[in-house]
Amino acid sequence: MKIVLIMCFFYPLYSYAVYEQVYKGYQNSNQLKALKYDETLNQLDFKINKNKNNWIMSAGYKNSNSYLESLLSFSNQQTLTQTYNLSLKKDTFKYGSFTFSHTESAYDLSQWGSTSLSSLSGEDVYETKNTFTYEYDFLKRSTQLDWEAINKQDDFNSKDFSLRHETDYLDFFHAYINAKHKILLERLYKEFELKAKKRVKFIAGRVRDGLSRSVELDQAKLNLLNQQETILSNEDELKEKVSLVEEVIGMRFSPSDYLRVNWSYKKIEDYFFITEVTKELELERLKELNKINELALEKLKSLQGQSLVFSAAYAKNSFDENRGKAFSNSWGEGVNDEKVVALVYSIPIGESNYKYQKKKLLELRHKNILTLKNKQGEIDVKRRVLTDNLKRFGKRIVILDEKLKFSKSILLKNQRLYKRGQISFDELLRSEETLTSNQLNRVNTLLQYESSLVSLAYLNGNIIKFLNKYTD
């Protein structure tokens with residue numbers, strides 16, 4: 001993942017404020033803003049899904065020319081009919097479905113030879129009918145499971161976003177300390193180069209005075225070339241880190257800005273809270289994924305299972321040669337109504353497709369359980385390794401600090417001894433290399449130590465708290 005890192009430590013700031021400025025820049029970065037949009041989109045998806053059963057309005061028109069036989073009064077007569085229909089339907093996740101329909105029909109009786117409808121004398125008759133229907137399935141729970149799945153999916157999306165959000169913070173901090181590591185290496189390499197140049201100048205003078213051999217001067221020059229080569233190698237990696245920053249904020253930086261960067265050793269006791277397990281988002285995310293799969297399996301069983309649909313309907317209608325009267329008489333009191341109660345029991349026949357879908361979901365369940373167990377074991381191992389690493393790296397930094405004191409003291413003594421001719425050039429060079437090695441080891445160990453520090457904070461769900469407290 002590409003890390004958009006606003007590394008404000010390149011600006012002329014006091015060293016104690018470097019990280020604070022960098023962290024503030026990251027929190028205001030476009031990458032973090034774009035990531036936070038995912039949270040908003042997840043919330044909108046949840047609202048969309050839980051409100052997807054809106055009222056549905058439908059309208060229809062039908063024209064028919066019928067000469068069918070019927071037991072009704074319109075039997076064996078050619079009838080022209082125009083029908084208009086308007087309905088509203090509401091499905092719910094838990095309480096069944098509700099439907100209201102309004103139908104208006106116009107009957108053209110002009111082709112009739114006679115009619116047994118004594119109350120009607122004209123050729124045009126109008127009917128208005130209003131119907132309210134309710135349906136509920138007692139056995140199938142598919143719609144209720146849909147509601148549960150929507151909530152579980154929202155829980156999963158929330159855990160998934162939190163994991164990606166905290167992973168982005170982790171990536172940011174790794175990018176920050178890696179850049180800081182390269183800057184401090186650059187600083188050390190430049191110091192080593194300066195010392196090598198002074199050494200060449202010093203040995204050259206001793207060669208002219210006949211106090212040193214020419215081979216010592218060659219060794220000093222070779223050491224200088226090695227330092228210059230190391231600087232060039234480090235510059236490639238350093239420029240790679242810096243170029244991203246320059247692209248983001250649109251300006252160039254000079255190496256003098258790097259001098260403000262500092263790096264101090266932080267005891268783990270100062271960040272004791274990172275050892276406490278606050279949350280385990282990777283495991284929580286997998287658990288929510290397992291719950292979604294279980295609901296899918298339960299829904300599949302429900303859809304394939306038996307159903308017992310209860311329905312109740314109430315209808316009221318009115319016939320009249322006047323359209324307005326037919327409409328008004330279809331509402332309110334009157335005996336022209338119909339009440340219907342029904343139960344429909346159904347059993348699915350054949351399950352070939354269901355069998356394979358069920359098998360797939362069962363296999364997925366087994367896979368998810370194993371994945372969860374493996375992830376739990378992996379996290380436990382990581383936690384132990386990181387804890388051990390922090391103790392080991394912490395002790396090593398303390399030892400390196402002591403070694404630096406002694407190596408600096410030894411170098412100063414050897415420099416005086418070399419000037420008096422009491423030790424060889426090789427002995428002097430070895431004491432300088434020892435100091436150099438200890439300085440580089442300290443910087444490299446600080447990188448390993450803080451990398452383990454932030455990784456443990458991330459693993460235990462405390463990374464944002466850690467970054468909020470961290471200082472250079």
Side-chain angles (χ1 to χ4, degrees), residues 15 18 177-207 211-213 215-235 237-238 255 258-270 388-453 472:
S15 61
V18 170
I177 60 176
N178 285 331
K180 185 163 66 169
H181 175 248
K182 292 301 176 184
I183 291 171
L184 291 179
L185 287 182
E186 176 81 0
R187 185 185 301 171
L188 286 175
Y189 294 148
K190 290 294 180 66
E191 291 177 5
F192 301 158
E193 181 190 27
L194 182 60
K195 290 179 181 179
K197 287 180 178 178
K198 290 180 178 179
R199 187 186 308 114
V200 169
K201 185 178 180 180
F202 174 70
I203 299 299
R206 287 179 61 87
V207 171
L211 300 175
S212 296
R213 297 169 298 171
V215 69
E216 295 178 3
L217 179 59
D218 292 340
Q219 284 180 301
K221 289 180 178 179
L222 179 60
N223 183 264
L224 173 60
L225 291 173
N226 288 336
Q227 295 300 334
Q228 291 173 339
E229 183 182 22
T230 302
I231 290 173
L232 289 175
S233 299
N234 187 66
E235 280 180 355
E237 297 182 16
L238 181 59
Y258 305 160
L259 298 176
R260 302 184 181 277
V261 178
N262 190 25
W263 206 341
S264 62
Y265 168 56
K266 295 94 178 168
K267 295 181 179 180
I268 192 172
E269 290 78 13
D270 297 332
D388 292 341
N389 284 348
L390 285 170
K391 293 177 182 178
R392 187 173 69 257
F393 292 143
K395 291 178 180 178
R396 188 179 182 190
I397 291 171
V398 173
I399 291 173
L400 284 169
D401 287 340
E402 291 298 314
K403 289 177 69 175
L404 281 171
K405 293 178 184 178
F406 286 112
S407 56
K408 288 177 182 178
S409 175
I410 291 170
L411 178 59
L412 289 174
K413 292 176 182 177
N414 281 345
Q415 286 173 342
R416 289 195 294 268
L417 292 172
Y418 179 72
K419 290 178 182 179
R420 294 198 293 265
Q422 293 178 312
I423 63 171
S424 68
F425 179 74
D426 287 337
E427 290 177 287
L428 175 63
L429 196 58
R430 280 197 299 271
S431 62
E432 290 186 353
E433 289 174 348
T434 299
L435 175 60
T436 297
S437 175
N438 288 332
Q439 288 175 311
L440 292 175
N441 285 339
R442 188 181 189 279
V443 173
N444 292 334
T445 306
L446 278 171
L447 174 65
Q448 294 173 312
Y449 177 78
E450 291 202 354
S451 179
S452 298
L453 205 63
D472 284 323

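Residues satisfying the side-chain contact (heavy atoms from CB on, under 4.5 Å) criterion with N226, sequence neighbours excluded, are L222, E229. Taking the side-chain contact (heavy atoms from CB on, under 4.5 Å) definition, one finds that E450 meets it with F173, I177, K180, W263, K266, Y470, sequence neighbours left out. Evaluation of the salt bridge (charged side-chain N to carboxylate O under 4.0 Å, His left out) rule for R213 yields E216 as partners, not counting sequence neighbours. For N444, the side chain to side chain donor-acceptor pair (under 3.5 Å) partners at least two apart in sequence or on another chain are H181. Qualifying side chain to side chain donor-acceptor pair (under 3.5 Å) partners for D401, counting only residues two or more places apart in sequence or in other chains: R442. K182 pairs by the salt bridge (charged side-chain N to carboxylate O under 4.0 Å, His left out) definition with E237, not counting sequence neighbours. Scanning for side chain to side chain donor-acceptor pair (under 3.5 Å) contacts around R206 gives S212, with sequence neighbours left out. Residues forming a ring pair (Phe, Tyr, Trp, His ring centres under 6.0 Å) with F202 (at least two apart in sequence, or on another chain): none. When the side chain to side chain donor-acceptor pair (under 3.5 Å) test is applied to S233, no partner is found at least two apart in sequence or on another chain. A search for ring pair (Phe, Tyr, Trp, His ring centres under 6.0 Å) contacts involving Y189 returns nothing, not counting sequence neighbours. Considering only residues two or more places apart in sequence or on other chains, K197 meets the salt bridge (charged side-chain N to carboxylate O under 4.0 Å, His left out) condition with E193.
Of the possible donor and acceptor atoms, none in the side chain of S437 sits under 3.5 Å from a partner among the backbone N and O of E433. Proximity of a side-chain donor or acceptor of N234 to a complementary backbone N or O of T230 within less than 3.5 Å is not detected.
Here the CG-OG1 distance, from N223 to T436, works out to 8.0 Å after rounding to the nearest 0.5 Å. To the nearest 0.5 Å, atom CG of residue N441 and atom CG of residue L446 are 11.0 Å apart. Rounding to the nearest 0.5 angstrom, the gap separating the CD1 atom in I423 from the CG atom in N414 is 4.0 Å. In this structure, the separation between OG on S451 and CG on L390 is 9.5 Å, given to the nearest 0.5 Å. The distance from the CD atom of Q439 to the CG atom of L184 is 11.5 Å, given to the nearest 0.5 Å. Taken to the nearest 0.5 Å, the CG atom of L440 stands 9.5 Å off from the CG atom of L435.
Closest heavy-atom contact between Y449 and G394: CD1-N, 3.9 Å. In plain terms, the two heavy atoms of A204 and L217 that are nearest each other are N-CD1, 3.8 Å.
For residues 404-431, the salt bridge (charged side-chain N to carboxylate O under 4.0 Å, His left out) pairs, not counting sequence neighbours, are E402-K405.
A salt bridge does not link R187 to E191: none of the charged nitrogens lies less than 4.0 Å from a carboxylate oxygen.
In this structure the side chain of I268 never reaches within 4.5 angstrom of the side chain of F393, judged on heavy atoms. At a threshold of 4.5 Å between non-hydrogen side-chain atoms, the residues T434 and I410 do not count as touching.
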- Query: Please walk me through it: do V398 and K395 pass side-chain contact (heavy atoms from CB on, under 4.5 Å)?
  - Reply: CA-CA 5 Å; V398 173; K395 291 178 180 178; 5.7 Å; no
- Task: For L400 and Y265, run side-chain contact (heavy atoms from CB on, under 4.5 Å): C-alpha distance rounded to whole Å, both residues' side-chain angles, the deciding distance at 0.1 Å, then the answer.
- Result: CA-CA 12 Å; L400 284 169; Y265 168 56; over 6 Å; no
